[in-house]
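Report on the structure given below.
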Amino acid sequence: MKLPSLRLPSRVGWRDHVVGAGLALVYVAWLLAGARSLGFPRDEGVYFAAGSSYFRWWHALFERGREMLQPGAIDAAFSVNSEHPPLMKTLFGASEWLLHEKWHVFADASTAFRLPGMLTAGLAIWVTYLFGARAWSRRAGVVAAILFALMPRVFFNAHLACFDVPITAMWTLCVYVHWRAQEKRTWGWAIALGVTYGLCLATKHNAWFLPAVLVPHALFVQRHEIWRALRAGRVSIPASIVTMFTVGPLVLYALWPRLWNDAIGGLQFWAKFMLNHEYYNIEFLGKNYFGPPSPKGYLPVMVLATVPTITILLFLAGAIDRLGVGVRRMRAWTLHLVHRDPHGISNRARSAGDPPRDPLETDLLLALAFCVAIGPFFLSKTPIFGGTKHWMPAYPVLALLAGRGFDLVASAMHRALPSLDDAKRQLAETVLFGCVLVAPLAETAHSHPFGLSAYVPLVGGTAGGADMGLNRQFWGFTTQTAAEEYLNPRAPRGATVFVDDTTWTAWSHMQEEGRVRGDLRVVGAPAEAMLSLVQHELHMNEVDYDIWIADGSDAPVYVVTHDDVPIVSIYGRR
């Protein structure tokens with residue numbers, strides 16, 4: 001009996017959403033499995049509090065109505081972390097209230113707070129797969145989605161109740177919906193883009209840069225229609241641009257009650273804060289940066305040092321391929337212009353060497369999405385305190401081009417092995433697939449829970465990154481590992497602890513969830529502490545000196561390490 005075929009139909013459709021959702025769910029499950037082993041960065045404590053405040057206001061609005069619309073009630077709820085838009089914080093609070101407090105799905109409140117961020121990581125994977133499948137092939141889409149997921153810094157940030165992975169997902173979704181809107185040219189897709197862009201605006205300020213991607217692309221794709229309209233005395237604006245600048249701001253306004261009483265003032269405060277953002281310390285090549293000018297080599301070095309090398313190589317293969325196609329298209333277009341007669345009719349026949357026309361100009365869209373996402377980080381005044389997280393919206397595009405690169409390598413392999421039958425060709429491609437993914441998988445799994453300390457083998461791993469003077473960590477999240485390895489089993493009863501870069505809010509959350517012993521008391525200076533922690537960063541050297549003076553010794557009682565690199569040193573009063 002002939003078995004039914006498991007092949008997907010040639011046309012990308014609903015089954016591909018099942019594939020994308022499956023990849024997303026596997027990744028979210030992996031994130032949930034490791035959530036408790038990752039401590040709380042400084043920002044998470046702020047976003048936990050803001051999320052609870054925002055959601056409780058919405059909950060009270062439905063219960064008490066007009067009373068909650070008073071300016072005082074809105075300001076009281078939304079003044080917490082008012083410098084960032086509300087979407088993700090509201091979802092953090094809703095998830096915690098529903099899944100921890102009400103339905104008890106999660107024993108830890110932090111896991112419930114973090115779940116929406118994890119789900120956006122799954123969304124980014126889902127959309128990346130769909131984009132790759134439609135643009136090139138399902139093979140390219142699967143590889144792109146997995147290679148994006150298997151970036152150690154993406155994996156680290158995907159655990160957190162923060163905004164960096166959510167804006168990456170929203171940025172990618174906006175670009176994808178815009179691409180589909182250029183194909184369909186319907187008001188439904190145009191409105192979908194407006195709504196998506198509004199959600200993007202309500203996630204993080206990176207959304208301000210998206211018009212620099214979508215507007216020139218839409219104008220170029222629809223250039224012929226626009227030109228014909230102008231010649232007829234009309235102005236034709238792509239519907240997607242109209243909805244982006246009308247529906248998008250309306251969605252932001254609806255989701256951010258802080259704007260309801262003073263929209264102009266609220267937007268001005270947001271813009272002023274982001275355009276004049278304070279600098280934080282970051283180490284790069286052995287030098288501490290705490291203000292402009294930022295090093296122009298920071299982004300390329302950090303990408304090479306943190307993104308798995310096989311992903312970079314496949315990205316280069318895919319990018320060079322698409323660049324070659326672009327050059328050939330420009331050449332064909334130039335020849336077309338040269339051979340036009342005075343009436344504008346081309347006398348040149350299309351040659352076999354001309355690349356196929358792409359009415360959606362996918363290469364241009366991806367190039368704009370990539371360059372606009374990374375462009376600000378070559379400016380000397382752009383703060384670099386966030387490591388790699390601030391340019392993360394470029395990574396799905398990087399992964400998409402890596403998926404295209406895999407397509408090229410697989411095709412070259414098949415051409416080199418023409419004698420293989422279908423079964424053996426499929427086996428060879430499966431082996432190639434495994435060879436490409438095994439290193440990123442190993443690197444990503446090994447990085448946890450020290451995701452900001454881990455570097456790829458190209459620079460010597462964690463030890464190589466430390467030797468190069470690359471930042472070892474920030475935000476103070478590694479205190480939990482110090483507690484698991486030393487404080488919980490060995491600290492004296494009721495000991496006072498100086499926790500250095502860890503906020504007291506994060507410490508309180510760890511104690512509430514039983515990650516740190518409840519009898520340990522945090523203090524504000526090494527001179528007051530029985531035990532003192534130092535999270536190793538270059539600018540923390542002065543803390544080491546303070547502890548040595550207070551303790552009368554420069555020898556730690558314990559050192560938390562990753563691949564033998566010191567991450568946290570613990571000193572004890574002798």
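This one's a predicted model, so the numbers in the text were calculated from it and none came from an experiment. No hydrogens, no waters, no symmetry mates; every other heavy atom, side chains included, goes into these values. By convention here, the first residue in the shown sequence is residue 1.
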Check the angle between the aromatic planes of F284 and Y289 and answer parallel, tilted or perpendicular using the 30° and 60° thresholds. tilted
Please report the C-alpha distance between H562 and S453 in whole Å, then the side-chain angles of each, then the deciding distance to 0.1 Å, and finally whether the side-chain hydrogen bond (donor to acceptor under 3.5 Å, both in side chains) criterion is met. CA-CA 8 Å; H562 184 241; S453 307; 5.7 Å; no
After noting the C-alpha distance and the side-chain angles of H390 and F385, does the key distance pass the side chain to side chain contact (heavy atoms under 4.5 Å, CB included) rule? CA-CA 9 Å; H390 288 153; F385 61 85; 3.5 Å; yes
Distance-only polar pair, side chains of E83 and N81, donor-acceptor under 3.5 Å: yes
On the 0 to 90° scale, with breaks at 30° and 60°, tag the H277-Y280 ring pair as parallel, tilted or perpendicular. perpendicular
Using modelled atom types only, decide if a donor and an acceptor are shared between the side chain of T243 and the backbone of A190 within a distance under 3.5 Å. yes
Correct closest heavy-atom pair for A112 and L99 would be CB-CB, 4.3 Å
Would you compute the distance between atom NZ of K89 and atom OG1 of T203 and round it to the nearest 0.5 angstrom? 11.0 Å
Between L437 and L150 the two heavy atoms that sit nearest each other are O-CD1, 4.1 Å
Calculate, to the nearest 0.5 Å, the distance between atoms CG and CG belonging to L119 and L25 respectively. 8.5 Å
Would the distance check show the side chain of W57 and the main-chain N or O of M68 forming a donor-acceptor pair, the cut-off being under 3.5 Å? yes
If we only count heavy atoms from C-beta on, is the M151 to P440 side-chain gap below 4.5 Å? no
About how many Å separate CZ of R42 and SG of C162, when rounded to the nearest 0.5 Å? 10.0 Å
Single hit among F450, F474, F477 for ring-ring contact (aromatic ring centres under 6.0 Å, His included) with F156: F477
Which residue is it: D407, V12, V143? I am looking for the one with a side chain to side chain contact (heavy atoms under 4.5 Å, CB included) to S137. D407
Which of F209, F315, Y395, W171 passes ring-ring contact (aromatic ring centres under 6.0 Å, His included) with F370? It is F315
Do E537 and E283 make a side-chain contact, defined as non-hydrogen atoms from C-beta onward lying under 4.5 Å apart? no
Mind checking whether C200 and I167 have side chains closer than 4.5 Å, heavy atoms only? yes
Just say parallel, tilted or perpendicular for the rings of H159 and H448, cut-offs at 30° and 60°. parallel
Within-4.5 Å side-chain heavy-atom neighbours: W391 and Y298: yes
Determine whether the side chains of W179 and T362 contain a donor N or O and an acceptor N or O closer than 3.5 Å. yes
Is the Y47-F163 ring centre distance short of 6.0 angstrom? yes
Check step by step if ring pair (Phe, Tyr, Trp, His ring centres under 6.0 Å) holds for W256 and F78. CA-CA 9 Å; W256 204 350; F78 289 90; 8.5 Å; no
So does L275 have more than 12 non-hydrogen atoms from other groups sitting under 6.0 Å from CG? yes
For G266 versus R258, what's the shortest heavy-atom pair and its separation? CA-NH1, 3.8 Å
Of all the heavy-atom pairs spanning T168 and P393, show the shortest one and how long it is. OG1-N, 3.5 Å
Are any non-hydrogen side-chain atoms of E443 and F155 less than 4.5 angstrom apart? no
In the structure I gave you, are the side-chain heavy atoms of L115 and L32 within less than 4.5 Å of one another anywhere? yes
So, applying side chain to side chain donor-acceptor pair (under 3.5 Å) with T478, which one of Q535, R472, Q473 is it? Q473
If you apply the rule side chain to side chain contact (heavy atoms under 4.5 Å, CB included), what do you find for R36 with E513, and how did you get there? CA-CA 9 Å; R36 189 171 172 82; E513 296 186 358; 4.1 Å; yes
Measure centre to centre between the rings of F48 and F40, then say whether the value is under 6.0 Å. yes
On a heavy-atom basis, which atom in T120 and which in A169 lie closest, and how many Å separate them? O-CB, 3.2 Å
Are the side chain of T196 and the backbone N or O of A192 linked by a donor-acceptor pair below 3.5 Å? yes
Can you check whether R15 reaches P9 side chain to side chain, under 4.5 Å on heavy atoms? yes
Looking at T502 and G476, would you say the former's side chain and the latter's main chain have a donor-acceptor pair under 3.5 Å? yes
Distance under 6.0 Å and angle within 45° of ring axis: R153 vs Y455: yes
Where do A454 and S447 come nearest, in terms of heavy atoms and distance? CB-CB, 3.6 Å
Between L219 and I241, is a side chain to side chain contact (heavy atoms under 4.5 Å, CB included) present by the stated rule, with each step listed? CA-CA 9 Å; L219 293 177; I241 294 180; 4.0 Å; yes
What distance separates F92 CZ from L87 CG, expressed to the nearest 0.5 Å? 9.0 Å
Verdict with supporting geometry, F148 and T172, side chain to side chain contact (heavy atoms under 4.5 Å, CB included): CA-CA 12 Å; F148 168 74; T172 307; over 6 Å; no
May I ask you to check whether W97 and W58 place their ring centers less than 6.0 Å from one another? no
With a 4.5 Å limit on heavy-atom distance, are the side chains of S110 and R515 in contact? yes
